[in-house]
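So the structure is just underneath, and the comments pick up after that.
Below, chains carry the letters A, B, ... as their sequence lines are ordered, and counting in each starts from 1.
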There are 2 protein chains.
Amino acid sequence: MARWQSGSRERLAASALRLFASQGFEGTTVAEIAAEAGLTERTFFRYYTDKPEVLFAGQGEFEALFLDGPETSTSTSPMELVASALDGAAAYFPDERRSWSRSRQVVVTGNVALHDRELHKMSALADALTAALVKRDVDPTAAALAAEAGVSVFRRAFAAWIAEGETRPFVDIQRGVLHQLQALLGSR
Amino acid sequence: MARWQSGSRERLAASALRLFASQGFEGTTVAEIAAEAGLTERTFFRYYTDKPEVLFAGQGEFEALFLDGPETSTSTSPMELVASALDGAAAYFPDERRSWSRSRQVVVTGNVALHDRELHKMSALADALTAALVKRDVDPTAAALAAEAGVSVFRRAFAAWIAEGETRPFVDIQRGVLHQLQALLGSR
DNA sequence: CGTTCGATGGCAGTGACTGACATGAACGAT
DNA sequence: ATCGTTCATGTCAGTCACTGCCATCGAACG
């Protein structure tokens, strides 16, 4: 019964995901999560700003991968910069993570508050990518359009990647979706 | 002191916008809004599902305009269907509405919860547009990409439309942004 | 005039989140 | 070894969004 078991943050996240999966997001109380982790409600809020946030840790690492491409790429074409961001992001989704991503996504899409938080994160990602493109001298409006299209491609690719029966690696799927986008607009 | 003043819903919305503008969203209590409208907190929640929602009435009308185009258009090209949706939506933003839109947007962008609700609405709009495209026999992935790109164009156009000093009508701005998107991908 | 209906009020309760303060394990300094 | 500081955590009281339940009362209708 050590008072200071280490890894409180991780234990909270694990307990939360398990409880959300078994009794739903709304059916789970923050006090319950904390109790499962051997902690207090008050302590939960010291690690996570709010209840949804507990499922969105590790987002920072992903965002870093996403933004690394455009900053190091030598290209100046907006869509090529976006493509480099997408390739970088794909590194965050090796095949070993596919199964875990599937279960997590079930929980997230099963609740409005969590879905909204996801939208928020994707929007922030698009904003960051937009800023990265602007820093590379892309016109602001073009940067925003390209960045949001890029995030759309990522989201579609992710959805396909975790679809039942899908076995192709993330990069391949995502490149296919990107080509579909280019065909959509390049065809005229 | 008639117990049943009519237009309770509208009075609540008006009081809310005014209070949010003057004391901020978080600095305003639902009880306050209700009191300003001569009603009770309990009654507020009979008209609006939650506090943010009070700023998003009339969204249904806009969505209808947005979805009308793709359903009546004779084209089969995804981007042409999207273009018809955008033209339809523009009808919701006559010049008389510009000033009101400006003040409302200040409030919305000034608060995370409201911004998130906006993202939610835009996401729902994209989903509805995607469904409309699919119903017109567009491939699901292409439909999603085109719909989200279309919503991006709308959002950028809206931002430009309410920018300080801007006087061009909504349709014109939006068509310009759409062309920018096409140039972005069509150029290769 | 009485009955019914629908909009509203009153009220108690839950749960997310916050601020203020107390506590006690860990750890270094003496 | 003891003292003192630090810091993760506990405790507690409070605010506010939101809900369920039931009472109320004006209005419409027969």
Atom [atom1] of [X] to atom [atom2] of [N]: distance rounded to whole Å?
X: A:Tyr47; N: C:dC17; atom1: OH; atom2: C1'; value: 18 Å
X: A:Gln23; N: C:dG15; atom1: CD; atom2: P; value: 12 Å
X: A:Leu114; N: C:dA16; atom1: CG; atom2: P; value: 13 Å
X: A:Leu39; N: C:dT23; atom1: CG; atom2: P; value: 20 Å

- Query: Pairs in or reaching into residues 139-155 of chain B: which pass side chain to side chain donor-acceptor pair (under 3.5 Å), with residues at least two apart or in two chains?
  - Reply: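 Pairs touching residues 139-155 of chain B that pass the test: A:Glu148-B:Ser152, A:Ser152-B:Glu148, A:Gln180-B:Asp139.
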- According to the ring-ring contact (aromatic ring centres under 6.0 Å, His included) rule, which pairs have a member within residues 99-137 of chain B, sequence neighbours left out?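 The answer is none; no pair qualifies.
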- Item | Those residues that, when tested against A:Glu32, pass side-chain hydrogen bond (donor to acceptor under 3.5 Å, both in side chains) (two or more places apart) |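 With neighbours one apart ignored, the set is A:Gln23.
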- Task: Under the side-chain hydrogen bond (donor to acceptor under 3.5 Å, both in side chains) rule, collect the residues that match up with B:Gln105, sequence neighbours excluded.
- Result: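 Testing B:Gln105 for side-chain hydrogen bond (donor to acceptor under 3.5 Å, both in side chains), a comparison that skips the adjacent residues, returns B:Glu118.
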So which protein nitrogen or oxygen atoms get under 3.5 Å of nucleotides 16-19 of chain D's nitrogens or oxygens?
residue: D:dA17; atom: OP1; partner: B:Lys51; partner atom: NZ; Å: 3.1
residue: D:dA17; atom: OP2; partner: B:Val30; partner atom: N; Å: 3.4
residue: D:dC18; atom: OP2; partner: B:Lys51; partner atom: N; Å: 2.6

- Task: Look at the side-chain N and O atoms of B:Ser8 and state whether any lies under 4.0 Å from the OP1 or OP2 oxygen of C:dA7.
- Result: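 So the side-chain polar atoms of B:Ser8 never come under 4.0 Å of the phosphate oxygens OP1 or OP2 of C:dA7.
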- So, is B:Thr40 close to the C:dG9 phosphate, meaning a side-chain N or O under 4.0 Å from OP1 or OP2?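 Yes, because at least one side-chain N or O of B:Thr40 sits under 4.0 Å from OP1 or OP2 of C:dG9.
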- Query: Cut-off 3.5 Å, side chains only: do A:Ser101 and A:Arg98 have a donor facing an acceptor?
  - Reply: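 On atom types as modelled, these side chains do not qualify, holding no pair under 3.5 Å.
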- Pairs touching residues 164-174 of chain A that satisfy salt bridge (charged side-chain N to carboxylate O under 4.0 Å, His left out), sequence neighbours left out: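 Matches after skipping sequence neighbours: A:Glu166-A:Arg168.
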